[in-house]
Amino acid sequence: MGEIRSVGVVGGGQMGSGIAQLAAVNGLQVWLHDSDSASLSKAMNNISSRIQTLITKGHLTKEKGSEALRNLRCTSSLEDFCCVDIVIEAIVESEEVKKKLFVQLDKIVKPSAIFASNTSSISITRLASATSRPSQVIGMHFMNPPPVMKLVEIIRGANTSEDTFNATKFLAERLGKKIICSKDFAGFIVNRILMPMINEAFHALYSGVATKEDIDDGMKLGTNHPMGPLELADHIGLDVCLSIIKVLHAGLGDTKYAPCPLLVHYVDAGRLGRKNGIGVYEYGGDKFKEIKPSPRL
Ligand SMILES: NC(=O)c1ccc[n+]([C@@H]2O[C@H](COP(=O)([O-])OP(=O)(O)OC[C@H]3O[C@@H](n4cnc5c(N)ncnc54)[C@H](O)[C@@H]3O)[C@@H](O)[C@H]2O)c1
């Protein structure tokens, strides 16, 4: 397997747009696709304004910034991914939807290309089983936001080859990341530990142990976390947190991973976190009504 020079990123949300930016700034040729045209234009606008900010702050030269933007192309057609060396998938956290995408890509993308999933929790082995190239499927789990966070968690599926692992590791390091390796169990390393904490913070709020501010301050000032667990859940997206917790619950089969009803309630009410202006906290606008934790408790 040769060096990776071109990347196709699927999903232009929080993660996909950040991964595309990171790859373009590091000199790779990038295609970015999203099935929703509004999300795709939003992603392109966000990337160019973030690159402009990096230039203004002196973190990137004007030339490097312009080069990064030239390296990046968006497309509404997956057919444009035919020649990429690696696809990085960052779409919704649903096994069914991700498998459907991999089946589609398998027919389009050249046979030597790697399929990497940015999934937070879903089995790489099962995603790989949807393709005709299971030895070339791997988990490449970036943290949020990808241009800033230093870590990439790499997950080998049951059939991932050594070549695929080495090429993915080399790419992550070229993007300036420190890698850690996890076996293919639900939630891998980071979310196996983080999500039960976030879920427990929701239980503490739900059962009236404390206010959201005190829960977050407790963990920030008492345990030196840079963000409290509820703030962090808003940052990740409450829908994404709920999907991950459900995968832990189903995959590890222990009731201790059952999602807190308050988290479910917030997601049902459309409170997704920072990305749509309201989650546990409000970030402006009055579209949504306050949902109080259950009065029975
Ligand atoms: N949010 C985080 O903090 C975080 C961190 C690490 C990993 N992840 C993982 O990254 C993935 C994406 O998360 P996100 O937070 O960026 O979500 P998001 O909701 O911000 O973005 C998802 C994007 O995918 C697009 N999409 C959905 N289905 C599609 C399809 N079939 N084809 C093309 N585009 C499609 C949507 O239009 C949307 O723009 C998930 O698997 C998530 O678990 C998220």
Side-chain angles (χ1 to χ4, degrees), residues 8-22 31-47 74-81 87-106 108-109 115-124 126-127 130 138-155 172 177 180 182 186-195 198 227 229-248 251 267 270-277 279:
V9 178
V10 195
Q14 304 191 83
M15 296 305 293
S17 70
I19 295 166
Q21 174 188 329
L22 180 68
W31 279 108
L32 175 62
H33 166 81
D34 196 294
S35 52
D36 177 48
S37 59
S39 301
L40 193 56
S41 354
K42 189 174 160 202
M44 292 303 276
N45 289 337
N46 286 346
I47 294 171
C74 72
T75 178
S76 58
S77 165
L78 281 177
E79 300 290 331
D80 285 322
F81 281 33
V87 173
I88 304 179
E89 159 294 294
I91 65 168
V92 61
E93 184 74 349
S94 152
E95 183 172 330
E96 198 191 331
V97 183
K98 286 185 193 292
K99 274 184 169 166
K100 213 168 142 195
L101 172 72
F102 274 10
V103 168
Q104 212 183 339
L105 286 168
D106 205 22
I108 297 171
V109 182
F115 286 4
S117 173
N118 185 50
T119 178
S120 305
S121 57
I122 296 168
S123 162
I124 300 303
R126 286 204 301 273
L127 294 180
I138 195 159
M140 194 178 189
H141 182 211
F142 289 83
M143 305 294 131
N144 185 9
V148 176
M149 299 294 280
K150 285 280 161 239
L151 186 75
V152 169
E153 195 173 25
I154 295 187
I155 305 101
K177 303 303 179 192
I180 55 171
S182 172
F188 318 128
I189 303 170
V190 174
N191 284 315
R192 172 84 175 254
I193 297 167
L194 175 64
M195 287 300 154
I198 286 179
M227 261 190 229
L230 298 170
E231 262 181 292
L232 180 57
D234 274 357
H235 175 72
I236 294 169
L238 300 191
D239 52 339
V240 176
C241 291
L242 179 58
S243 301
I244 299 169
I245 292 166
K246 283 180 175 169
V247 172
L248 289 178
V267 174
R271 297 176 73 137
L272 306 184
R274 274 188 180 277
K275 64 182 165 189
N276 77 336

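Not measured: the values here are computed from a predicted model. Start at 1 and go down the list; that is how both ligands and their atoms are numbered.
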message = Strictly below 4.0 Å, N to O, side chains only: are Asp239 and Lys275 in salt-bridge contact?
response =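 Answer for the salt bridge query: yes.
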remark   = d(Ser17 OG, Met44 CE) to nearest 0.5 Å is 10.5 Å
ask   = With a cut-off of 6.0 Å (strictly less than), are more than 12 heavy atoms of other residues, nucleotides or ligands near NZ of Lys99?
value = yes
Pairs under 3.5 Å, nitrogen or oxygen of ligand 1 with protein nitrogen or oxygen:
unit_1: ligand 1; atom_1: 1 (N); unit_2: Gln14; atom_2: NE2; d: 3.3
unit_1: ligand 1; atom_1: 1 (N); unit_2: Ile236; atom_2: O; d: 2.8
unit_1: ligand 1; atom_1: 3 (O); unit_2: Asn144; atom_2: ND2; d: 3.0
unit_1: ligand 1; atom_1: 8 (N); unit_2: Ser120; atom_2: OG; d: 3.2
unit_1: ligand 1; atom_1: 10 (O); unit_2: Asn118; atom_2: ND2; d: 3.0
unit_1: ligand 1; atom_1: 15 (O); unit_2: Gln14; atom_2: NE2; d: 3.3
unit_1: ligand 1; atom_1: 16 (O); unit_2: Gln14; atom_2: N; d: 3.3
unit_1: ligand 1; atom_1: 16 (O); unit_2: Met15; atom_2: N; d: 2.9
unit_1: ligand 1; atom_1: 19 (O); unit_2: Lys275; atom_2: NZ; d: 3.4
unit_1: ligand 1; atom_1: 20 (O); unit_2: Gln14; atom_2: N; d: 3.1
unit_1: ligand 1; atom_1: 34 (N); unit_2: Ser35; atom_2: N; d: 3.2
unit_1: ligand 1; atom_1: 34 (N); unit_2: Ser35; atom_2: OG; d: 3.3
unit_1: ligand 1; atom_1: 37 (O); unit_2: Asp34; atom_2: OD1; d: 2.7
unit_1: ligand 1; atom_1: 37 (O); unit_2: Asp34; atom_2: OD2; d: 3.4
unit_1: ligand 1; atom_1: 39 (O); unit_2: Asp34; atom_2: OD2; d: 2.6
unit_1: ligand 1; atom_1: 41 (O); unit_2: Ile91; atom_2: O; d: 3.2
unit_1: ligand 1; atom_1: 41 (O); unit_2: Glu93; atom_2: OE1; d: 2.5
unit_1: ligand 1; atom_1: 41 (O); unit_2: Lys98; atom_2: NZ; d: 2.8
unit_1: ligand 1; atom_1: 43 (O); unit_2: Glu93; atom_2: OE1; d: 2.9
unit_1: ligand 1; atom_1: 43 (O); unit_2: Ser120; atom_2: OG; d: 2.6

request  = Please state whether the rings of Phe115 and Phe102 are parallel, tilted or perpendicular, taking 30° and 60° as the class boundaries.
outcome  = tilted
inquiry  = Quick check against the 3.5 Å criterion: does Glu89 have a side-chain atom that pairs as donor or acceptor with the backbone of Lys98?
reply    = no
ask   = Between Asp80, Val9, Thr75, which is the residue that forms a side chain to side chain contact (heavy atoms under 4.5 Å, CB included) with Leu32?
value = Val9
